[in-house]
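What follows is a short report on a single structure.
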Amino acid sequence: MSAPAPGTRRLVVAGALLDDLARPRLLLAARRHRPAALAGRWELPGGKAEPGERPVQALRRELREELGVEVEVGAELPAADPEGWPLSPALVMRVWWARVSAGWPEPLEDHDELRWLGEGGWEGVDWLAGDLPVVRGLLAALPGPRGCEDGTP
Ligand SMILES: Nc1nc2c([nH]c(=O)n2[C@H]2C[C@H](O)[C@@H](COP(=O)(O)OP(=O)(O)OP(=O)(O)O)O2)c(=O)[nH]1
């Protein structure tokens, strides 16, 4: 299959919401209840950027609409593809580390459950297929013995 032409996929933005950006332990996962084809599967909260909308601005809007929170946005999780993490032939996703700065996350729109996944449990829900490499990328990017560094002081 040939790669999609650059810029033809719709951008999805998502937050890897942590309890603490400097010493992450908990990651927030959200279970979709719609559409039917995705219901019951878990994802990172976020959504589609509108045409002309800056990606981080879109992320803040989506998290406000979906979870009712304001966030501190950290670094982006780099993907091998400069456009982001492929989700489907039509969708590509960019992901930022983030932390809730105001409010408490509630499943207000597309989700019926939110779960803070603890250490060792980040892969333990039924993620949407495109999210598995992302979650592994998040784990690999964690500092210290859990991640790509060997933890040697
Ligand atoms: N938000 C989010 N969407 C994901 C992830 N993984 C994944 O495959 N997707 C897919 C599911 C959807 O097909 C698409 C995101 O669309 P969405 O329905 O959340 O977008 P939206 O809130 O802007 O809603 P709409 O405009 O389509 O009504 O990307 C993920 O981790 N987070």
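This one's a predicted model, so the numbers in the text were calculated from it and none came from an experiment. Numbers here are sequence positions counted from 1. Counting convention: from 1, in listed order, for ligands and their atoms alike.
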(request) Just grab all the side chain to side chain donor-acceptor pair (under 3.5 Å) pairs involving residues 124-138, residues at least two apart or on different chains. (result)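 Only Arg41-Asp126, Glu123-Arg136 qualify under side chain to side chain donor-acceptor pair (under 3.5 Å).
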(message) What does the 4.0 Å heavy-atom contact list look like for ligand 1?
(response)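 Within 4.0 Å of ligand 1, protein side: Val12, Arg32, Leu38, Glu43, Leu44, Gly46, Gly47, Lys48, Glu62, Glu66, Leu87, Leu91, Met93, Asp110, Leu128, Asp131.
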(message) Does this structure show an ion pair linking Arg99 with Asp20, if we count only N-O contacts that are shorter than 4.0 Å?
(response) no
(message) Whether Arg64 and Glu70 form a salt bridge (side-chain N of Lys/Arg under 4.0 Å from carboxylate O of Asp/Glu) is what I want to check.
(response) yes
Short side-chain to backbone donor-acceptor contact, [X] and [Y], under 3.5 Å:
X     : Y      : answer
Glu62 : Ala14  : no
His33 : Glu109 : yes
Arg32 : Arg34  : yes

